[in-house]
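Encoded as structure tokens, the structure appears first; notes follow it.
Residue numbers start at 1 and run along the sequence shown.
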Amino acid sequence: MKIESKHEPVSGHRDVPVRMVREDLNAIPAFELPDGYTIRWYEPGDDAHWLRIHRECESYGGLKPDLFQDQFGRDESVLAQRVAFVCGADSRPVSTNTAWMNDWNGKEWGRVHWVATSRDEQGKRLSKPLMTAVCERMRELGHDCAYLTTNTLRIRAISLYAAFGFEPYWETDKEKAAWEDVEEKMREIGITVGVR
């Protein structure tokens, strides 16, 4: 499979926004960080680190400076509970993920939201430990289920989410066809996501 950047997106594949769900937050897979890295939660001023990480991550292009506040607001007590960072040995944040929440389909869900790793830090086994922390935090905050949105070009991200028990979700024939396309691409790298 041809990879156009360090990890994704994958070429020869159409891009469709999709959702994945996890019906419960029991039995979260546990992964530990490599030596020299730590996980911490939002501190004042981390919005600048969050934006930098997303800009350093491939394929995001120009993100507006106030995107963090647009997505998460300004309540620092909420941010300190929900926005996670992996930091390198120098304490500089290099990866981020958020244990967010949304009303969706008439129910309040936990939401894995805005996942990114600085390009130079990709491939260093940071994403799974950060997903462990975020999923555990959603459960600690009272969520009993979670969802996320992604794009079908993000095959490796989808494989990460599938490893954490998130399953494809669709409502339309177009979304189901997109998932079938994803499943075919993922078989090429030896991973299944369970499109039924």
Side-chain angles (χ1 to χ4, degrees), residues 1-10 20 22 24-60 63 67-68 71-72 76-101 110-141 143 146-151 153-166 186 188-193:
M1 176 185 310
K2 181 181 175 191
I3 305 297
E4 292 180 344
S5 63
K6 189 166 185 179
H7 289 288
E8 43 186 20
V10 175
M20 299 180 78
R22 183 173 168 136
D24 67 64
L25 289 171
N26 299 322
I28 301 299
F31 293 91
E32 294 190 19
L33 284 169
D35 290 343
Y37 292 92
T38 57
I39 292 176
R40 70 165 174 80
W41 298 87
Y42 179 91
E43 298 173 356
D46 276 344
D47 53 324
H49 289 298
W50 184 91
L51 188 61
R52 173 187 50 78
I53 291 166
H54 280 280
R55 285 181 171 160
E56 289 173 0
C57 185
E58 73 276 343
S59 301
Y60 281 102
L63 300 177
L67 179 62
F68 181 87
Q71 291 294 305
F72 303 116
E76 293 194 344
S77 64
V78 171
L79 300 175
Q81 291 183 317
R82 294 188 175 269
V83 182
F85 294 92
V86 172
C87 299
D90 60 358
S91 299
R92 185 173 194 239
V94 297
S95 184
T96 186
N97 191 340
T98 306
W100 205 236
M101 70 289 191
R111 183 178 183 186
V112 175
H113 201 31
W114 284 97
V115 180
T117 299
S118 297
R119 189 177 176 89
D120 290 344
E121 298 290 332
Q122 293 173 8
K124 296 184 179 179
R125 301 184 328 270
L126 306 180
S127 296
K128 285 183 177 179
L130 190 52
M131 275 291 289
T132 296
V134 162
C135 289
E136 288 177 350
R137 179 58 57 96
M138 285 188 291
R139 187 179 59 217
E140 290 166 6
L141 292 172
H143 301 290
Y147 83 104
L148 59 89
T149 59
T150 188
N151 297 76
L153 286 180
R154 304 232 168 257
I155 298 296
R156 293 190 189 274
I158 290 169
S159 69
L160 167 68
Y161 306 141
F164 276 80
F166 285 83
M186 292 186 77
E188 294 175 20
I189 58 173
I191 299 169
T192 59
V193 291

### Task
Kindly assign one of parallel, tilted or perpendicular to the pair Phe164 and Phe31, based on the angle between their ring planes and the thresholds 30° and 60°.
tilted

### Message
If you define the side chain from C-beta out and look only at heavy atoms, does anything of Ile28 sit under 4.5 Å from Arg22?
### Response
yes

#### Entry: Verdict with reasoning, Thr117 to Ser127, per side chain to side chain contact (heavy atoms under 4.5 Å, CB included)
CA-CA 8 Å; Thr117 299; Ser127 296; 4.0 Å; yes

### Query
If you round to the nearest 0.5 Å, how far is CD of Gln122 from CZ of Arg156?
10.5 Å

### Query
Have Arg111 and Thr98 got a donor and an acceptor in their side chains that come within less than 3.5 Å?
no

### Nearest heavy atoms of Ser95 and Ile53, plus distance in Å
N-CD1, 3.6 Å

#### Entry: Rounded distance (nearest 0.5 Å) linking atom CG of Leu126 with atom CG of Asn97
12.0 Å

### Beyond-backbone contact of Glu76 with Tyr42, side-chain heavy atoms, under 4.5 angstrom
yes

### Query
Less than 4.5 Å apart, any side-chain heavy atom of Val78 and any of Trp100?
yes

### Task
May I have the step-by-step check of side chain to side chain contact (heavy atoms under 4.5 Å, CB included) for Arg82 and Met101, ending in yes or no?
CA-CA 9 Å; Arg82 294 188 175 269; Met101 70 289 191; 3.5 Å; yes

### Short side-chain to backbone donor-acceptor contact, Asn151 and Leu153, under 3.5 Å
no

#### Entry: Leu63 backbone acceptor or donor facing Arg55 side chain under 3.5 Å
yes

### Query
Any donor-acceptor pair under 3.5 Å linking the side chain of Arg119 with the backbone of Glu56?
no

### Minimum-distance pair of heavy atoms, taken over all atoms of Pro93 and Phe85
CB-CD2, 3.7 Å

### Minimal non-hydrogen separation, Met20 against Ala162, with atom names
CE-N, 4.1 Å

### Donor-acceptor contact below 3.5 Å, side chain Thr132 vs main chain Pro29
yes

### Query
If you take all heavy atoms of Gly88 and Tyr37, which pair is closest and at what distance?
CA-CD2, 3.8 Å

### Message
Tell me whether Arg137 contacts the main-chain N or O of Ala99 through its side chain, where contact means a donor paired with an acceptor under 3.5 Å.
### Response
no

### Query
With a 4.5 Å limit on heavy-atom distance, are the side chains of Asp46 and Phe68 in contact?
no

### Task
Report yes if some heavy atom in the side chain of Thr96 is under 4.5 Å from a heavy atom in the side chain of His49; otherwise report no.
no

### Message
Could you check whether Phe72 and His113 have their ring centres less than 6.0 Å apart?
### Response
yes

### Nearest-0.5 Å distance that lies between atom CG in Asp47 and atom CG in Leu67
11.0 Å

### Message
Which heavy atom of Arg40 sits nearest to which heavy atom of Cys87, and what is that distance?
### Response
NE-SG, 3.6 Å

### Atom pair CD1/OG1 of Ile158 and Thr150 - distance to nearest 0.5 Å
5.0 Å

### Smallest separation among heavy atoms of Phe166 and Cys135, with atom names
CE1-SG, 4.1 Å

